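Just so it is clear: chains get the letters A, B, ... in the order the sequence lines come, proteins before strands, and each one is counted from 1. As the structure is a computational prediction, the values presented were derived from the model and not from experiment.
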Number of protein chains: 2
Amino acid sequence: MISKRDQILDIAERGYRQGGFAGLSFRDIAAALDMKSASVHYHFPHKEDLGKAVVERYTDNLLDNLGAPDAADDSVKIRLARLVEAYRAAYAEGESSCLCAVLGSVSPQLPPAVQEAVNSYFTRLMTWTETALAEDGPSANLNASHIISALQGAMILSVAMGDARYLDQVAEDLAEKSGI
Amino acid sequence: MISKRDQILDIAERGYRQGGFAGLSFRDIAAALDMKSASVHYHFPHKEDLGKAVVERYTDNLLDNLGAPDAADDSVKIRLARLVEAYRAAYAEGESSCLCAVLGSVSPQLPPAVQEAVNSYFTRLMTWTETALAEDGPSANLNASHIISALQGAMILSVAMGDARYLDQVAEDLAEKSGI
DNA sequence: TGATACCTACCTATCGATAGGTAATTAACA
DNA sequence: TGTTAATTACCTATCGATAGGTAGGTATCA
């Protein structure tokens, strides 16, 4: 049985991804779980606490799904395919953006703790990707920061246009450039 | 002398880029211009009207700055450099995201007219870029949708991390790939 | 005189947050 | 073992602040 705390995190993650940090209220969450907003405050006293927890769980989940970036029996191509698949899956569930694209785009107006969590998301993801590419040697025309940028942007385009084609296009390009 | 209407659009554009559509109120705008919120409603009766006008002006301004995508005496490289420079300049003023990245990432929860305006922004920008690349022939490893995705994503990363490096990186990659 | 561009004053709805209370469970101890 | 204390997970009710929006008045000008 899933704890109420986790149910709140689930609703909040979906809500923030669809409508931004300001677009989801304690009352919205309470209504979705058939409880009162005061009870949501019991689990997360301030909105900043909730935002931080949502982003941290989101980050941990992604990195879990990505697995080790330096497993000996994986090629760069396979690793990048896992990365792309994670973003594709994230888009597929609810046709919504990456949580940290939504929040990161308005970073300066977020509560400090949420800002830091978003920052940490990108830092950790960048480190993972750099490690995943490391063995490719100097021949690689692939760059971690470009890959992350392209994926994040493609997700936004897909959401804004209501069409997964943009994400598909980037996935295709990366598959092609990452080897055979 | 700049009209009050345009002053409102200026404030709104900056505000939406920094804090999203829900992050800027009629009262915020009024306070910035030393007037009353009711007077802002005089110029833009509903928030949807304001959002639509802001996005449409933003789109027109960008396409004006980009110039013709098929001028005979421009190379693909020069055209892409103009595109990249437009995004760099947009980031530089206030270290904030592209308006349509901020709005597009939460598109499904925007008022319909604003949604449509954002959609039109991406459609027009994509058409411009496709035309700009058209003469490059089949040899090109450049793709309009990938370029726009990378620029949008890089802008978000730069804002989220407070560091223009990500935008710089994409700019560098594109300059390299678009020929000598 | 009649637009234009404001204003005052207000409305309803909602926001994040808090105070104070309650039933049910769990821990500590005589 | 039975009693007490504390904790968990909610509740009702309310706070001050703020949201978008409106009705009606006023000053300025052609």
Under the salt bridge (Lys or Arg N to Asp or Glu O under 4.0 Å) test, residues paired with D163(B) that sit two or more places apart: R165(B)
With R14(A), which residues qualify under salt bridge (Lys or Arg N to Asp or Glu O under 4.0 Å), at least two apart? none
[N] [atom2] sits how many Å from [X] [atom1], rounded?
X      : N       : atom1 : atom2 : value
L50(A) : dC15(C) : CG    : P     : 14 Å
I29(B) : dT18(D) : CD1   : C1'   : 15 Å
I8(B)  : dA5(C)  : CD1   : C1'   : 10 Å
K36(A) : dA17(C) : NZ    : C1'   : 17 Å

Given dC6(C), is OP1 or OP2 found less than 4.0 Å from the side-chain N or O atoms of Y42(B)? no
Between side-chain atoms of residues 5-13 of chain B and protein atoms elsewhere (two or more places apart, or another chain), which donor-acceptor pairs fall under 3.5 Å?
from, atom 1, to, atom 2, distance (Å)
D6(B), OD2, S3(B), OG, 3.4
Q7(B), NE2, I2(B), O, 3.0
D10(B), OD1, R57(B), NH1, 2.9
D10(B), OD1, R57(B), NH2, 2.9
E13(B), OE1, R57(B), NH2, 3.2

Do any pairs count as a ring pair (Phe, Tyr, Trp, His ring centres under 6.0 Å) and have a residue in residues 55-76 of chain A, sequence neighbours left out, and if so which ones? Y58(A)-Y121(A)
Provide the full list of ring pair (Phe, Tyr, Trp, His ring centres under 6.0 Å) pairs with a residue in residues 72-101 of chain B, sequence neighbours left out, each pair given once. none
Among the nucleotides dA19(D), dC11(D), dC15(C), whichever has the atom closest to the side chain of S39(A) is dC11(D)
Give the other cluster members for I78(B), using side-chain heavy-atom distances under 4.5 Å between Ile, Leu, Val, Met, Phe, Trp and Tyr residues; answer none if it is isolated. none
Result block: side-chain N/O donor-acceptor pairs under 3.5 angstrom for residues 40-47 of chain A, not counting sequence neighbours:
from, atom 1, to, atom 2, distance (Å)
H41(A), ND1, P45(A), O, 2.9
K47(A), NZ, F21(A), O, 2.7
K47(A), NZ, L24(A), O, 3.1

Sub-3.5 Å pairs of nitrogen or oxygen atoms, protein against nucleotides 20-22 of chain D:
from, atom 1, to, atom 2, distance (Å)
dG20(D), OP1, K47(B), NZ, 3.0
dG20(D), OP2, F26(B), N, 3.0
dG20(D), N7, R27(B), NH1, 2.8
dG20(D), O6, R27(B), NH2, 2.8
dG21(D), OP1, H46(B), ND1, 3.4
dG21(D), OP2, K47(B), N, 2.8
dG21(D), N7, H41(B), NE2, 3.3

With sugar-phosphate taken as primed atoms, P, OP1 and OP2 and all else as base, the protein-contact string of nucleotides 25-30 of chain D at under 4.0 Å (heavy atoms; B, S, -) is ------
Of all the heavy-atom pairs spanning S96(A) and Q18(A), show the shortest one and how long it is. CB-CG, 4.0 Å
